[in-house]
Amino acid sequence: MKKSNWNIVKKLIAAVFMALLTVSSLAACGGKEKNENRAAGDTVKKASGSITFPLTEPVTMSMFAVMNGEYDLKDNPTFRYIEEQTGVKWDVQSSMESDLAEKKGLMFASDAYTDVAYKAGLSREEQEKYGKQGILIPLNSLIDQYAPNLKSALDKYDAWQYITASDGNIYSLPELDYPSPSLPTLFLNQAWLKNLGLSEPKNLDELYQVYKAFKDKDANGNGDPDDEIPLIATSDATPITQLLPYFGVPINMANNCAIMDNKLVYVPTSDIFKEFIAYVTKLYKEGLLSKNSFTQKLEQQKALGVSGDVLGSFFDAGAFLTVGRGRDEDFRILTPFENGVFPVGSGVTGGTFAITDKCKNPEITMAWIDQFYSEEGSKLAWLGIKDKTYKANADGTWEWILGAYGEDVGTLRANATLQGAANHPSVQPSYWFTGMTDPDEKLLDNEKKRIVKMGAAPFPSLNISDSDSTTLATVKADVDVYINQYIAQAATRELDIDKSWEDYLATLKKMGMDDMIKIYQDAYAGK
């Protein structure tokens, strides 16, 4: 099966660059760049009839989608452009990311759900639940017939296991990325290390000593001994999980489990977890961890990060996201203390696109989404419209075009590409890396590759039955809230960890923790 090719089309009369989004069948369509629209013969074959983009008779379908930050997808120029080029129009019902869980649940419960869910972050439990109920339709045969690009990408990433439900059906499509750390990483201020003549710490004791020096020795050199914050965290990315890899625990955030010595371990009840809390308590007690780390939001961390040189270390997906662009040289991801421990994702994030039983055109829908799993289609999803949101250089590199859709890269990406706020159904284009000129992004990509080389094997896919998913949904919600509450109380010394640990374990048992752990362990044993 050949990979499909998208053909870039220019209309000389209008001088407007247009990419015709075309999907091929098991035999790729081929073709050359032209100055007119593609011939009608370039089609996606199906059992009866054919699908040609743009459609001869446009269709309109409904979509539930997450907003790109403050930007609505239906106002996104790339999304509108895709509608124009395919003849597939979308009635978009939007949700802010903060309201996603509530709105998603209400929508499916009300029977007023849309034809598709896009960038909706459907968990495996939700896929199992709504798939078994018949709300989400199985996509297996649709993928086989109308998604050659997706099939090829799933093979390349060995991703089938991560998107297949316990009944053998596929209910949602993934975002496929190059492997990267699965946790927000800890960025350490290299300029402060240099100012104080310190080396990068290689164990937890050395990290503590670095934090002490940051606090006590005017690390930023501005003469103010009290403005340094050695470590900051947020309620979105607390040190609860993010520091655990440095304790030697390759934790999986989705279920708080880790594979250690070929066994599945539920981390929050382990002895090493107790040691971790004690370490964080020590940092908090001595003022090395920001006092607001368990209550403030990521936006407050970013406000501090861009306000001046006050942060010694922080957790985020990229340093520039907290301290702003142009300062990345001052920050590096703290090198893991051990090889084979830092959690690394598979590169497969499921739940990004699903079709419901209300959809009257599932074949067209699958052919439409398959576009974004080709190299050219993925460039459109990740970079937007050529010569409008990004520029291709003669030397094979590319760069963002700032101005019309945003004065900074973050705004441009959120406002005018399909990225932003949530994972999106696509495959990460190789062009993203091979042509990257943005110095902050390039540095971050290299940093991630460095950490991935030291990382643990990706956490395995666990198939969990519908009945067990129901149990997990009930138990896990209460357990997770209680664990986070206990850690915050112990770390801030509201509770004495030695005196309260047994009560903590007993409370978890009463909540049904043992049943939850057994479900995870049985799923791992049967993987």
Side-chain angles (χ1 to χ4, degrees), residues 181 183-221 225-234 237-251 258 260 267 270-291 293 301 305 309-316 319 322-323 327-344 443 446-456 487 490-493 497:
L183 300 176
T185 47
L186 181 63
F187 287 89
L188 188 65
N189 194 320
Q190 304 298 303
W192 288 12
L193 290 176
K194 183 177 180 180
N195 289 346
L196 300 177
L198 300 173
S199 300
E200 183 183 38
K202 293 180 171 53
N203 55 57
L204 289 164
D205 289 337
E206 290 184 9
L207 180 61
Y208 166 76
Q209 293 300 330
V210 164
Y211 285 154
K212 284 283 289 181
F214 281 179
K215 178 176 173 58
D216 297 338
K217 297 183 179 181
D218 190 24
N220 58 17
D226 298 318
D227 66 342
E228 287 87 358
I229 302 173
L231 172 62
I232 192 171
T234 72
T238 70
I240 294 169
T241 303
Q242 278 69 22
L243 273 177
L244 275 169
Y246 295 96
F247 277 78
V249 181
I251 190 168
M260 303 177 70
V267 178
S270 64
D271 290 340
I272 198 169
F273 197 71
K274 184 180 178 182
E275 294 176 28
F276 157 73
I277 299 176
Y279 185 84
V280 173
T281 301
K282 181 179 180 181
L283 298 180
Y284 186 90
K285 176 184 176 182
E286 298 186 21
L288 308 180
L289 172 64
S290 169
K291 298 294 184 184
S293 290
Q301 172 178 298
D309 187 17
V310 297
L311 299 183
S313 65
F314 54 85
F315 301 99
D316 210 332
T322 285
V323 298
R327 292 190 61 202
D328 277 45
E329 287 293 339
D330 290 341
F331 292 89
R332 291 288 190 277
I333 299 174
L334 177 61
T335 304
F337 300 151
E338 299 178 42
N339 278 318
V341 174
F342 201 96
V344 171
L443 179 60
N446 289 334
E447 280 289 277
K448 287 182 176 179
K449 290 176 183 176
R450 180 173 68 89
I451 302 304
V452 165
K453 289 179 180 178
M454 302 182 66
I487 294 173
T492 58
R493 304 177 71 203
I497 188 169

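In this text, all values refer to a predicted model and were calculated from it rather than measured experimentally. These numbers come from the heavy atoms of this one structure, side chains and all, not from hydrogens, waters or symmetry mates.
What you find for V341 and P250 is that their closest heavy atoms are O-CB, 2.9 Å. Taking every heavy atom of both residues into account, L204 and Y279 meet most closely at O-OH, 2.8 Å.
The neighbour count for R493 CZ, taken as heavy atoms of other residues, nucleotides or ligands under 6.0 Å away, does not exceed 12.
Side-chain contact annotation: E286 with Y208, donor-acceptor N/O pair under 3.5 Å present.
Aromatic rings from F273 and F276 are positioned such that their centres are separated by under 6.0 Å.
In this structure, CG in N339 is found 12.0 Å from NZ in K453, a value given to the nearest 0.5 Å. From N189, atom CG reaches atom NZ of K194 across 12.0 Å, with rounding to the nearest 0.5 Å. Atom CG of L311 sits about 11.0 Å away from atom CZ of F214, to the nearest 0.5 Å.
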Exercise. Between S313 and Y211, is a side-chain hydrogen bond (donor to acceptor under 3.5 Å, both in side chains) present by the stated rule, with each step listed?
Worked result: CA-CA 9 Å; S313 65; Y211 285 154; 2.8 Å; yes

For this session: Would you sort out whether L243 and L186 count as a side chain to side chain contact (heavy atoms under 4.5 Å, CB included), showing the intermediate values?
Result: CA-CA 8 Å; L243 273 177; L186 181 63; 4.2 Å; yes

For this session: Might you work through the side chain to side chain contact (heavy atoms under 4.5 Å, CB included) test for L443 and R332, ending with a clear yes or no?
Result: CA-CA 9 Å; L443 179 60; R332 291 288 190 277; 3.6 Å; yes

Problem set entry | Stepwise side chain to side chain contact (heavy atoms under 4.5 Å, CB included) check, V344 with V452 | CA-CA 6 Å; V344 171; V452 165; 4.2 Å; yes

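Without hydrogens or angle criteria, Q242 side chain to L183 main chain gives no donor-acceptor distance under 3.5 Å. At distances below 3.5 Å, not a single donor-acceptor pair connects side-chain atoms of N195 with backbone N or O atoms of N220. Remark: the backbone N or O of K202 is not paired with any side-chain donor or acceptor of T335 at under 3.5 angstrom. Judged purely by atom type and a 3.5 angstrom limit, N203 has no side-chain atom pairing as donor or acceptor with the backbone of F337. Panel note: side chain Q301, backbone F315; a donor-acceptor pair is recorded below 3.5 Å.
In summary, of the residues considered (F187, W192, F314), a ring pair (Phe, Tyr, Trp, His ring centres under 6.0 Å) with F331 occurs for F314 alone.
In terms of the salt bridge (Lys or Arg N to Asp or Glu O under 4.0 Å) criterion, E206 has no residue partners (sequence neighbours excluded). Remark: K448 engages no residue in a salt bridge (Lys or Arg N to Asp or Glu O under 4.0 Å) (not counting sequence neighbours).
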